[in-house]
Peer 1: 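Quick one: the structure is below, and I'll ask about it shortly.
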There are 4 protein chains.
Amino acid sequence: MSAPRDLPQKAKPGAAPHALLDTAFHVFATRGYRAVRLEEVAEAAGMTKGAIYYYFDSKEDLLRRALQHRHRDIFAEISEALAAERGPASAKIRFVLRKVWLRWSEPGWGHAFRLIVGEVSVEFPAIFRIWAEEGPIQGWELVRALIEEGIAAGEFRQDVDADVAARLVLSGLMLQAALHVHLGLAELAPCDHDRIFDSAVDLFMHGLSVTHQLPARA
Amino acid sequence: MSAPRDLPQKAKPGAAPHALLDTAFHVFATRGYRAVRLEEVAEAAGMTKGAIYYYFDSKEDLLRRALQHRHRDIFAEISEALAAERGPASAKIRFVLRKVWLRWSEPGWGHAFRLIVGEVSVEFPAIFRIWAEEGPIQGWELVRALIEEGIAAGEFRQDVDADVAARLVLSGLMLQAALHVHLGLAELAPCDHDRIFDSAVDLFMHGLSVTHQLPARA
Amino acid sequence: MSAPRDLPQKAKPGAAPHALLDTAFHVFATRGYRAVRLEEVAEAAGMTKGAIYYYFDSKEDLLRRALQHRHRDIFAEISEALAAERGPASAKIRFVLRKVWLRWSEPGWGHAFRLIVGEVSVEFPAIFRIWAEEGPIQGWELVRALIEEGIAAGEFRQDVDADVAARLVLSGLMLQAALHVHLGLAELAPCDHDRIFDSAVDLFMHGLSVTHQLPARA
Amino acid sequence: MSAPRDLPQKAKPGAAPHALLDTAFHVFATRGYRAVRLEEVAEAAGMTKGAIYYYFDSKEDLLRRALQHRHRDIFAEISEALAAERGPASAKIRFVLRKVWLRWSEPGWGHAFRLIVGEVSVEFPAIFRIWAEEGPIQGWELVRALIEEGIAAGEFRQDVDADVAARLVLSGLMLQAALHVHLGLAELAPCDHDRIFDSAVDLFMHGLSVTHQLPARA
DNA sequence: TATGAATGAGTATTCATTCAT
DNA sequence: CATGAATGAATACTCATTCAT
């Protein structure tokens, strides 16, 4: 699936564009849309430039379709899966966060993040907008709803700002995934992958919870 | 910084390159390093391509210096400022977070983030590394230290994972600044700028605080 | 002409290439040999590029054969028809001119003229030469002979330059047909189609005729 | 002026595009717009491809400007020169025809004709239209007016179709120039250059003149 | 026969870089 | 210092041609 693809093999006719899209996405994400020559994409896909132009109108067209093809509306999927979940809001939130953390930790995701935030956002703003709406924004709304559910149930504090809370935790995990897992910060500032998730969610849940603030010691 | 550059001829250092660096940074950040032609940078700076080559060796050189020039070691500055701060760890953390949030909210910062994460990370990994070390990583360490100070002082829970907590809150605020403040998400999912900060810090402080978990209402 | 072509496999000669040749000729003539892609020819002919290569060796081969196929040695035909004509030279000339004018007025002829004069002349000079010899030059000679017949019969002036006269009238009608009838000048400078022929022949005949020059009125 | 240009020499700065336009026109006219590579044009102009793109946006742009640059509104010039002419309409017409015949006999004109009729007409119809309007059509009108002047003066027959007469003689001379002088027919069907003009004009004048038709001998 | 897929040499175009003035 | 002009290597894209099926 998200495997880097073993390139040299002959692409089956008919399925060729499919494999091509995966390869193109991978190459663009890894090396940069602008920085990579179409010929390199072709080579990586085991074909020649001409073949790409048989299927796509231009480099831009290839990128667009590659993005569409790779695009999985993760929060729509999660919403569905969530419907089957029972239990308190905190459990549901934990469920959601685990799902996204796993997805964002998949190999290649960080490069996709880089591609979209770094290049698509300036070169194809319309595509960036779609990503933003179906990605982060939808995520914020899903989690915000769950937090509000928890507030209504008395599980979380009345005065929690559900919207901002959702934004903070998802943005935090997303950027951690991008920087730490994919962009090399794991080597510069090592931290166990599971620990990041567990501690982050713990902290987040503490922040939401109904509490008694103890008087400061001093 | 704005070093005079040792060039064969009588190069009068200073003024001109200074403005050029700002312009170059702005144009690269806004429109993309790869996507923008040097001629456009020159035009934006009110000179011609040739003039740029009087000051810089190449487009890459221009980018490097522009990044250096714009780079302010924010956490070093904050560390210094922090030295004068009295009060509990929570106050110090709030002080630090406010500083970074304001800095990250400055116009153009989000584009710089885009430039660095999106283009520099793949094209000039060494520069990216420097940015990472002096930026996020240093930030994480500064805040982690303050959290540990709070833990030691009994102000925060003993079982808080200071490292991850620091990562989460800084990553969260950083990506919020980039996406929300600069990359257009403010229009797609409006949220007041100050509220994001205030609510986020509130949530974070709650998450750290020593608390009495009340029995669930039901 | 529509020769079966000796190809390695069991090539069923005939029908298909015939239509193809017509289509190819039309497309090349209308849109330009160089400017048109073979794929467009194929599409216009209701087949695919590959099929064309079953019948023809190359784009050039297709053009050659299309030209041959469309080529009708008009002046040879006219010579034959002329043999049956009785009457004075002027009548024969009128007969010939009417024939060529009608032929040159046929739809598509102007584009063929364009193709041959505009593209074939520089890209395939040998083909152009054949066209010139069987077309204009043969025409000039045919008409010149008729004029000389008229001169010998005392019908035309002794001092008429039969060669140049033939050239002038045929060139004039030919370019009028090309420009006026086919290349759009009819809209920019309207003139009735039959009138062009009738008046032109009238003028020509007056020019040839034995006359008494009257003294200028003033 | 219309000299083929001695290419290797260094183009003076500032005047470069001027020489380039001439060269480009020459190369396109001689070898075909579509058939010629931009690099060949550059080479012929003593520069490199890049330099052409410094001055022109595209190959098409170069052609357009080259056509404009070379374009001399011959009939406008002739109209002016004509104003100084005294004498009967026949003399004026002879004057005009001589002018155009000389112009159309200039080296390179036939190639220009080929370029415009053969390629420009199908690829850039708008430019072709302009050429048609300022060339043939304006010529027809000028000569038609002179013929009408002659008719009014009693010099020419009342029943001459001035419009068609003008068309015929100009088209005849134009195509003779193109085919005979420039496109190689002079070798296939030799005819003295001056004789073509003199005999053609003689014939034309006879055709226009007031005459007494003698009874046919038979 | 005919097609869809693929090729690769060719071509227009771009753009970082150079340099005489 | 600065510019206009020019370069040429790189790159997107085209299209005649091939070929397995």
Side-chain angles (χ1 to χ4, degrees), chain A residues 10-14 16-17 20 34-42 45-62, chain B residues 7 9-12 15-17 34-42 45-62, chain C residues 7 9-12 15-17 34-42 45-62, chain D residues 10-14 16-17 20 34-42 45-62:
Chain A
K10 192 73 182 173
K12 295 134 264 168
L20 216 185
R34 217 63 191 206
V36 121
R37 277 175 302 140
L38 206 47
E39 203 161 20
E40 297 181 75
V41 178
M47 51 181 69
T48 59
K49 261 185 310 180
I52 291 184
Y53 281 94
Y54 183 77
Y55 293 106
F56 303 95
D57 292 340
S58 63
K59 192 182 181 186
E60 179 177 332
D61 185 42
L62 177 59
Chain B
L7 278 170
Q9 291 115 336
K10 61 278 171 179
K12 284 171 203 160
R34 211 77 186 200
V36 118
R37 276 175 301 146
L38 208 48
E39 200 162 23
E40 298 180 73
V41 177
M47 54 180 68
T48 58
K49 267 188 298 184
I52 292 183
Y53 280 90
Y54 181 79
Y55 296 106
F56 302 96
D57 295 339
S58 64
K59 193 184 182 188
E60 180 177 330
D61 184 42
L62 177 59
Chain C
L7 277 168
Q9 292 115 336
K10 61 278 168 180
K12 284 171 205 161
R34 210 78 186 200
V36 118
R37 277 174 301 146
L38 209 47
E39 200 162 24
E40 299 180 72
V41 178
M47 53 180 68
T48 58
K49 265 187 302 185
I52 291 183
Y53 280 90
Y54 180 78
Y55 295 108
F56 303 96
D57 294 339
S58 64
K59 192 185 183 185
E60 181 178 330
D61 184 42
L62 177 60
Chain D
K10 192 72 182 172
K12 297 134 261 169
L20 215 184
R34 220 56 192 209
V36 120
R37 277 176 301 141
L38 207 47
E39 202 162 20
E40 297 181 75
V41 178
M47 51 180 68
T48 58
K49 265 183 307 182
I52 291 185
Y53 281 92
Y54 182 77
Y55 293 106
F56 302 95
D57 293 339
S58 63
K59 193 183 181 185
E60 179 177 331
D61 185 42
L62 176 60

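Letters go in sequence order (proteins before strands), and every chain restarts at 1. As a basis for the values below, the full set of heavy atoms in this structure was taken, side chains included, without hydrogen atoms, waters or symmetry mates.
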Peer 1: When rounded to the nearest 0.5 angstrom, what is the spacing between CD1 in Ile52(B) and CG in Leu62(B)?
Peer 2: 6.0 Å
Peer 1: Could you say whether Arg37(D) or Ser58(B) is positioned toward the 5' end of DNA chain E, judged by the nucleotide with the nearest heavy atom to each?
Peer 2: Arg37(D)
Peer 1: Just how far is it from atom OH of Tyr55(D) to atom CE of Met47(D), taken to the nearest 0.5 Å?
Peer 2: 6.5 Å
Peer 1: Taking any strand in view, what nucleotide pairs with dT7(E) in a Watson-Crick or G-U wobble way, both distances under 3.5 Å?
Peer 2: dA16(F)
Peer 1: Working to the nearest 0.5 angstrom, can you tell me the gap between Glu40(C) CD and Lys49(C) NZ?
Peer 2: 11.0 Å
Peer 1: Can you check the Tyr55(D) OH to dT7(F) C1' distance for me, whole Å?
Peer 2: 13 Å
Peer 1: Return the nearest nucleotide to the side chain of Met47(D); candidates are dA2(F), dT7(F), dT3(E).
Peer 2: dT7(F)
Peer 1: Write down the distance between OH (Tyr53(A)) and P (dA12(E)), rounded to a whole number of angstrom.
Peer 2: 16 Å
Peer 1: Please report, rounded to the nearest Å, how far the P atom of dT14(F) is from the NZ atom of Lys59(D).
Peer 2: 15 Å
Peer 1: Counting the atoms with a prime plus P, OP1 and OP2 as sugar-phosphate, which does Val36(A) contact under 4.0 Å by heavy atoms, base, sugar-phosphate, or nothing?
Peer 2: sugar-phosphate
Peer 1: Who is the Watson-Crick or G-U wobble partner of dT21(F), with both distances under 3.5 Å?
Peer 2: dA2(E)
Peer 1: Grab the CG-P distance between Asp57(B) and dC19(E) for me, whole Å please.
Peer 2: 14 Å
Peer 1: Can you tell me how far P of dA12(F) sits from CZ of Phe56(A), to the nearest Å?
Peer 2: 16 Å
Peer 1: Could you tell me how far apart Leu38(C) (CG) and dT18(F) (P) are, to the nearest whole angstrom?
Peer 2: 11 Å
Peer 1: When the distance from CD of Glu39(A) to C1' of dA9(F) is rounded to whole Å, what number comes out?
Peer 2: 14 Å
Peer 1: Would you say the base of dT7(E) and the side-chain of Lys49(A) have a donor-acceptor pair closer than 3.5 Å?
Peer 2: no
Peer 1: Other residues, nucleotides and ligands only: do more than 12 of their heavy atoms fall within 6.0 Å of CD on Glu60(C)?
Peer 2: yes
Peer 1: Return the nucleotide paired to dT13(E): Watson-Crick means purine N1 to pyrimidine N3 with N6-O4 or O6-N4, wobble means G-U with N1-O2 and O6-N3, both under 3.5 Å.
Peer 2: dA10(F)
Peer 1: Which residue lies toward the 5' end of DNA chain F, Thr48(D) or Ala35(A), if each is placed at its nearest nucleotide?
Peer 2: Thr48(D)
Peer 1: What integer distance in Å separates Tyr54(C):OH from dT3(E):P?
Peer 2: 13 Å
Peer 1: Measuring from atom NZ of Lys59(B) to atom CZ of Arg37(B), what distance do you get when rounded to the nearest 0.5 angstrom?
Peer 2: 10.0 Å
